[in-house]
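Below is one structure, written out as structure tokens; the observations come after it.
Sequence lines set the chain letters: A, B, ... in the order given, protein chains first and strands last, and positions in each chain run from 1.
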There are 2 protein chains.
Amino acid sequence: MTRNIIDSVDRKILTALQRDASIPATALAEVAGLTSTGCWRRIKRLEEIGVIAARVTLLSPQALGLGLTGYVMIRTRDHGDAWLRRFLDTVGAFPEVVEIHRTTGDLDYLLKIVARDLAAYNEIYRTISQLPDVTDVSAAFSMEAIKSTTELPLPR
Amino acid sequence: MTRNIIDSVDRKILTALQRDASIPATALAEVAGLTSTGCWRRIKRLEEIGVIAARVTLLSPQALGLGLTGYVMIRTRDHGDAWLRRFLDTVGAFPEVVEIHRTTGDLDYLLKIVARDLAAYNEIYRTISQLPDVTDVSAAFSMEAIKSTTELPLPR
DNA sequence: TATGAAAGACACGATTC
DNA sequence: GAATCGTGTCTTTCATA
């Protein structure tokens, strides 16, 4: 993990790329106050040290008819490896399950789900509730996404 | 929002682009079983109807030293517009707050936070708890991200 | 009408000095 | 950092079924 090797110029580059990866290299260089060569070298470096993880296309859930975003909180009695493997093989296999976190606090697992509707969610819910040693399952559905971004804060 | 206008070929294209937007156009056309012209036309259309929302660069939280991912659940007494505006202006302004949802169920707001450490989180927490009419704030921190993807399920 | 092939201008990635 | 070159992409136009 080490220290941050990101300076203010890198930050400008990353800020722009997080927002829009299709920005022309010349425009990006200008934003960063660099020549295109220098800009390119920095991007290469940021890829090499793993800061830049991927370049992806984001889709619109609304346009795809994915009207339901929800968070599911699960409590279990058994926390062993075997249970986790089974959990992943069943629940994690749903493409609607986009995040799974093992968490501190009162909860044990927190999932983010993006699905077409409650019927689609219900299938996942049933899969979860049929797992052994699940003591509690509760959900909070998003009525409105007030903020939602893939842009991470750039420290320092 | 209306019906899906996505066929199986579109799905192949979107699946590939969700995974890696830097895939060469020729390779993408091959995956979809299309010529580059046909592939290009479909992408254009998917952009126009809003299915393709953006092309972004994803960064690695670990590489950036962002070691803390957490979910904060907030309950309030006041649900008016004025409160929401103040909430957004203060809490929503933190770049560490990457998601805000108004939710159903027992909770009122659910936030996702990506921060450097507990000290950075604490600043946000203090801002939240100082808001009027906040009756409850609880957090669950991710000890392990078992699954985390920006890829949405492609229905139908 | 929809799809494939061809061809051009252009910009990007990468190297060299 | 500047200049450069090969490559691939974007886009249009024409041909085809």
Side-chain angles (χ1 to χ4, degrees), chain A residues 2-60 62-65 149-152 154 156, chain B residues 1-64 149-152 154-156:
Chain A
T2 75
R3 224 205 244 96
N4 263 333
I5 333 153
I6 307 295
D7 65 13
S8 68
V9 178
D10 288 327
R11 236 173 285 146
K12 284 178 189 166
I13 294 173
L14 293 173
T15 300
L17 286 180
Q18 282 199 106
R19 221 162 263 157
D20 179 11
S22 62
I23 179 176
T26 53
L28 182 59
E30 198 174 358
V31 166
L34 253 57
T35 64
S36 56
T37 308
C39 191
W40 179 82
R41 275 205 269 257
R42 278 181 185 262
I43 292 174
K44 266 286 160 197
R45 184 180 144 274
L46 291 167
E47 284 170 354
E48 269 157 25
I49 64 177
V51 167
I52 290 179
R55 248 176 71 184
V56 303
T57 302
L58 300 182
L59 309 185
S60 159
Q62 289 78 23
L64 286 170
T149 179
T150 57
E151 297 174 34
L152 300 182
L154 299 175
R156 208 160 267 238
Chain B
M1 163 182 293
T2 75
R3 218 198 250 102
N4 263 332
I5 334 154
I6 307 295
D7 66 12
S8 66
V9 178
D10 288 327
R11 236 171 287 146
K12 284 178 188 169
I13 293 173
L14 293 174
T15 300
L17 285 180
Q18 283 199 105
R19 221 161 263 157
D20 180 10
S22 62
I23 178 175
T26 52
L28 183 58
E30 196 174 0
V31 166
L34 253 58
T35 64
S36 57
T37 308
C39 190
W40 178 81
R41 273 203 272 256
R42 278 180 184 261
I43 292 174
K44 265 283 160 202
R45 184 180 145 273
L46 290 167
E47 284 170 354
E48 269 158 24
I49 64 179
V51 168
I52 290 179
R55 248 176 72 180
V56 303
T57 301
L58 300 182
L59 309 185
S60 159
Q62 289 78 24
L64 287 169
T149 180
T150 58
E151 298 175 34
L152 300 180
L154 301 174
R156 210 156 269 233

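- For Thr37(A), the side-chain atoms get nearest to dT15(C) when compared with the rest of dT9(D), dC12(C), dT15(C).
- Whole-Å rounding puts the Arg45(B) CZ to dT11(D) P distance at 17 Å.
- The side-chain contact (heavy atoms from CB on, under 4.5 Å) test with Arg42(B) singles out one residue from Leu34(B), Ile6(B), Leu28(B), and that residue is Leu34(B).
- Checking side-chain atoms of Gln18(B) against main-chain N and O of Leu152(B) turns up a donor-acceptor pair under 3.5 Å.
- Here the OG atom belonging to Ser8(A) is positioned 11.5 Å from the CG atom belonging to Leu154(A), to the nearest 0.5 angstrom.
- Side-chain to base pairing of Arg41(A) with dG13(C): no donor and acceptor N or O lie closer than 3.5 Å to each other.
- Between Trp40(B) and dT11(D), a side-chain N or O to OP1/OP2 separation shorter than 4.0 Å is present.
- Between Arg42(B) atom CZ and dT11(D) atom C1' the separation is 19 Å, expressed in whole Å.
- Atom CD of Glu30(A) sits in a sparse spot, with 12 or fewer heavy atoms from other residues, nucleotides or ligands closer than 6.0 Å.
- Residue Ser36(B) is classed as having no contact, given no heavy-atom separation below 4.0 Å to the nucleic acid.
- Residue Thr35(B) is classed as a sugar-phosphate contact, given heavy-atom separations below 4.0 Å to backbone atoms only.
- Each of Ala25(A) and Leu34(B) was matched to the nucleotide of DNA chain C holding its nearest heavy atom; the match closer to the 5' end belongs to Leu34(B).
- dG13(C) atom P lies 11 Å from atom CD1 of Ile52(A), rounded to whole Å.
- Whole-Å rounding puts the Leu28(B) CG to dC10(D) C1' distance at 14 Å.
- Residue Thr26(A) has its side chain nearest to dC12(C) when only dC10(D), dT15(C), dC12(C) are considered.
- In this structure, Ile23(B) atom CD1 and dG13(C) atom P are separated by 16 Å, rounded to whole Å.
- Taking atom CD on Glu30(B) and atom P on dT9(D), their separation rounds to 12 Å, with Å as the unit.
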